[in-house]
Amino acid sequence: QVQLVESGGGLVQAGDSLRLSCAASGRTFSSYAMGWFRQAPGKEREFVSAINWSGVVTDYADSVKGRFTISRDNAKNTLYLQMNSLKPEDTAVYYCAARPSIYTDNAARRYDYWGQGTQVTVSS
């Protein structure tokens, strides 16, 4: 089992950058594929990005490709999401999630563990 705690959200202006972090408990962080999802008010939770256990394989939603970068530090049990050129439509609660697999996945239902979320608000 793994517990996840996100941090780094905040209120920024369009064009600014933020880096989200997700601290994981437990000694088996490297055995989990990790993902970032987001949920805006009145909308369903959507996939943002995912990374495999080693950090070599990554996947991104089309809406964030070229602007967001996912990474992980297995020695620190931490997942990151670097978000650049933020847009108002990026406003949402961002969640990190873990699945006990070496493979990435963009389906929320395949992730077993979730953090509590961190709010990102981008003003125009």
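Not measured: the values here are computed from a predicted model. Quick note: residue numbers are just sequence positions, from 1.
Using a 30° and 60° split on the angle between ring planes, W114 and F37 fall in the tilted class, from 30° to 60°.
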Test L18 against D16 for side-chain contact (heavy atoms from CB on, under 4.5 Å), laying out the working first. CA-CA 7 Å; L18 275 177; D16 286 350; over 6 Å; no
Output, in order, the C-alpha distance, side-chain angles, deciding distance and verdict of salt bridge (charged side-chain N to carboxylate O under 4.0 Å, His left out) for K87 and D90. CA-CA 5 Å; K87 305 175 181 180; D90 294 319; over 6 Å; no
Verdict with reasoning, L79 to W36, per side-chain contact (heavy atoms from CB on, under 4.5 Å): CA-CA 9 Å; L79 174 73; W36 286 101; 3.3 Å; yes
Going through the checks in order, is the side-chain contact (heavy atoms from CB on, under 4.5 Å) test met by Q13 and L86? CA-CA 8 Å; Q13 293 186 332; L86 282 161; over 6 Å; no
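Looking only at side-chain heavy atoms (C-beta outward), R67 and Y60 stay at 4.5 Å or farther from each other. A heavy-atom distance below 4.5 Å is not found between the side chains of D112 and R99. Counting heavy atoms from C-beta on, the side chains of E6 and Q116 come closer than 4.5 Å.
Geometric assessment of R110 against the ring of Y103 yields a negative cation-pi assignment under the 6.0 Å and 45° thresholds.
When S25, S31, S30 are each tested for a side chain to side chain contact (heavy atoms under 4.5 Å, CB included) with T28, only one passes: S31.
Once rounded to the nearest 0.5 Å, the distance linking CD1 of I102 with OH of Y32 reads 14.5 Å. Summarising the geometry, atom OG belonging to S124 is positioned 10.0 Å from atom CD belonging to E89; distances are rounded to the nearest 0.5 Å. Distance check: L20 CG to F68 CZ gives 8.0 Å after rounding to the nearest 0.5 Å. The CD atom of E44 sits 8.5 Å away from the CD atom of Q39 when rounded to the nearest 0.5 Å. In this structure, the separation between CE on M34 and OG1 on T78 is 9.5 Å, given to the nearest 0.5 Å. To the nearest 0.5 angstrom, C96 atom SG is 12.5 Å from I51 atom CD1.
For the residue pair N52 and T104, no side-chain donor N or O sits within less than 3.5 Å of a side-chain acceptor on the partner. Side-chain contact annotation: Y94 with R38, donor-acceptor N/O pair under 3.5 Å present.
If you chain together hydrophobic residues whose side chains sit under 4.5 Å apart, V120 and V48 fall into the same group.
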